[in-house]
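For ligands, and for the atoms within them, numbers begin at 1 and follow the listed sequence. Please read all numbers here as calculations on a predicted model, not as lab measurements. Scope of the values below: all heavy atoms of this structure, side chains included, with no hydrogens, waters or symmetry mates.
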Amino acid sequence: IASQLNRSGLLKTQGLIGGKWSDSYDGKTIQVYNPATGESIADVACMGGKETNDAIASAYDAYRSWSKTTAAERSKLLRKWYDLLMAHKEELAQLMTLEQGKPLKEAMGEVNYGAGFIEFSAEEAKRIYGDIIPAPMSDRRLFVLKQPVGVVGAITPWNFPLAMITRKVGPALACGCTVVIKPSELTPLTALAAAELAIQAGIPAGAVNVVMGNAPEIGDALLASPQVRKITFTGSTAVGKKLMAGSAETVKKVSLELGGNAPCIIFDDADIDIAVKGTLAAKYRNSGQTCVCANRILVQEGIYDKFAKALIDAVRNMKVGDGFGEDVVQGPLINEAAVKKVETLLQDATSKGAKVMLGGKRHSLGFTFYEPTVVGDVNSDMRISREEVFGPVAPLLRFKTEEDAIRIANDTNAGLGSYVFTNSIQRSWRVAEALEYGLVGINEGVISTEVAPFGGFKQSGLGREGSKYGMDEYLEIKYVCLGNM
Ligand code: ADP
């Protein structure tokens, strides 16, 4: 597959600085692995501070002209990029499955979703309106202009190798910003292919740069530069906090999408088929490796046994394997550390009384494959309820009343995704309003879309991505007063 992709010209291994593909200055490389086989796929440039500073300089240079283009011009180029992403959907999906492990069908879904942010940004570029404010004095006129923030540093994780980039870069470019992207070192190939398509679309040199390698060094260079006016990050809460602190020195704008601890609340009055289907999608998608994956399944006592049985029956039918295999719905975890974390959390839970109802160990396929798992009798004191599992383990917690469910659900510093299954419209509203979460899925397990705002409450982050709200993250508001008329 890698050699096939090589022929298509989308297998890039160098960084992109000022429109030129570049090796790291000291010639160092890092290997990218296929998590399903443990095989090395490619050696990519391992860059650091020097390359990042040059990428920032290119982005700053490109910003001067890009920020002055018309919205219509930016829109056309973004639309072209979208068209190219869709035209190369299969190759992008293959690259993603190869380096990230997700089933090919899910990878194709991510290309649709990820490209959607570019399409939406192309449309929204034309709708960045200002305001005219009625003046308090008759000889004045008050205007509000919206202008791009400047050069953006975009740092992204491995779980959505395309979409986490496009949902940042799309709005940034639409608003007139230029970007230095640092994709995850675990999944740089999809990012580089997307960047190649941006060049093919005619997005000017320097508007999109990609550096990867030494993450802390690249991060520090982005933070230190007064020319970088905005940091947008998706990843762990720990790194997000560091970036926020590091942005203080130059007072950058910051958008953060950090860890979640999503509750999935199943009420007695839920439709059990819908609840099982929704939970399955919310939990096991991407092998449980998303920040909105259901982390705690809270089940009301009256439906607990019935729901647990139905969920186990459904989970038992999930086919685990290489993402390229037919009918596979669950691939490997990203790496050994991810498996170890799942093992540690499950061990802690069972030592405190939780019961494994299905799975609970490494899969016979080896490598980083893990059995789709259901574990019952979990409570809020166990680490599995307090930390992100980021793996295919569904912990079931029993609750009595609606008030209990809300209290347990909100008892966390995270506040990103949440899910509620009920057939009562009144309860849906009550619970949705009471949940301290940025996203609430009611009778739905997968709700992300480029047209709706995505983001967290509390320590799950700052700002929103996608939708008209996501554009504001890349805009400064300027007040202009025309006086003495
Ligand atoms: P995850 O658990 O999803 O890998 P991380 O927060 O470790 O979460 O990684 C998300 C992104 O942040 C990756 O691109 C990673 O390389 C990058 N990263 C990690 N540490 C730093 C750092 N100190 N400065 C800047 N970026 C970092």
Side-chain angles (χ1 to χ4, degrees), residues 15 24 30-33 35 44-49 51-53 55-56 99-102 152-169 179-192 194-195 209-225 228 230-250 252 254-261 286-293 295 333-342 344-345 368 387-391 414 416-417 456 459-462 465:
S24 70
I30 34 167
Q31 292 199 315
V32 183
Y33 294 95
V44 301
C46 181
M47 300 176 146
E51 294 88 344
T52 306
N53 285 331
I56 295 168
E99 65 178 348
Q100 201 270 346
K102 66 178 67 181
V152 174
I155 302 175
T156 58
W158 49 264
N159 60 346
F160 291 95
L162 180 68
M164 295 305 104
I165 292 175
T166 54
R167 63 152 63 166
K168 294 171 164 49
V169 177
V179 195
V180 177
I181 305 167
K182 196 211 80 66
S184 167
E185 285 63 39
L186 301 173
T187 58
L189 301 176
T190 309
L192 295 170
N209 304 275
V210 186
V211 290
M212 66 262 152
N214 184 332
E217 215 182 289
I218 294 169
D220 287 348
L222 289 169
L223 292 174
S225 168
V228 175
K230 159 105 194 175
I231 293 288
T232 172
F233 171 77
T234 299
S236 64
T237 306
V239 172
K241 286 178 179 177
K242 271 194 214 160
L243 294 173
M244 190 174 173
S247 293
E249 188 60 37
T250 50
K252 298 185 203 310
V254 180
S255 296
L256 304 170
E257 301 286 0
L258 310 177
N261 183 358
N286 207 3
S287 304
Q289 304 171 112
T290 89
C291 46
V292 290
C293 272
N295 206 53
L333 299 195
I334 189 69
N335 56 22
E336 182 60 26
V339 182
K340 288 252 163 65
K341 180 168 185 202
V342 169
T344 307
L345 293 182
T368 55
E387 298 173 37
E388 250 183 323
V389 182
F390 242 64
L416 192 56
Q459 294 184 28
S460 282
L462 285 179
E465 295 195 307

Q: Give the residue, atom name and distance (to 0.1 Å) of the protein heavy atom nearest atom 6 (O) of ligand 1.
A: Ser236 OG, 2.6 Å
Q. Looking at Lys182 and Glu185, does any basic side-chain N land under 4.0 Å from a carboxylate oxygen?
A. yes
Q) Looking at Trp158, which atoms of ligand 1 are within less than 4.0 Å of one of its heavy atoms? A) 1 (P), 3 (O), 4 (O)
Q) What is the closest protein heavy atom to atom 12 (O) of ligand 1, and at what distance does it sit? A) Phe233 CE1, 3.3 Å
Q. In the protein, what heavy atom is nearest to atom 13 (C) of ligand 1, and what distance, to one decimal place, separates them?
A. Thr156 O, 3.4 Å
Q: For atom 9 (O) of ligand 1, decide whether some protein heavy-atom distance is shorter than 4.0 Å.
A: no
Q.
Suppose we measure from atom 15 (C) of ligand 1 to each protein heavy atom; which comes out shortest, and what is that distance?
A. Lys182 NZ, 3.8 Å
Q) Do Lys241 and Gln459 have a side chain donor and acceptor closer than 3.5 Å? A) yes
Q: State, with a plain yes or no, whether a side-chain heavy atom of Phe160 is found less than 4.5 Å away from one of Asn286.
A: yes
Q. Atom 23 (N) of ligand 1: which protein heavy atom is closest, and how many Å away?
A. Pro216 CA, 3.6 Å
Q: Considering the heavy atoms of Gly219, write down every atom of ligand 1 situated less than 4.0 Å from one of them.
A: 24 (N), 25 (C)
Q) Just checking, is any N or O donor in the side chain of Glu99 or Thr190 under 3.5 Å from an acceptor N or O on the other one? A) yes
(Q) Need the ligand 1 atom indices (1-based, order shown) with element for anything under 4.0 Å from a heavy-atom of Glu185. (A) 16 (O)
Q | CD1 on Ile181 to CD1 on Ile218, rounded to 0.5 Å | A | 12.5 Å
Q: Around atom 20 (N) of ligand 1, find the nearest protein heavy atom and jot down its residue, atom name and distance.
A: Val239 CG2, 3.6 Å
Q) Atoms of ligand 1 less than 4.0 Å from Ile155 heavy atoms? A) 11 (C), 12 (O), 14 (O), 17 (C), 25 (C), 26 (N)
Q: Quick one: look up the protein heavy atom nearest atom 18 (N) of ligand 1 and list residue, atom name and how far away it is.
A: Ala215 CB, 3.7 Å
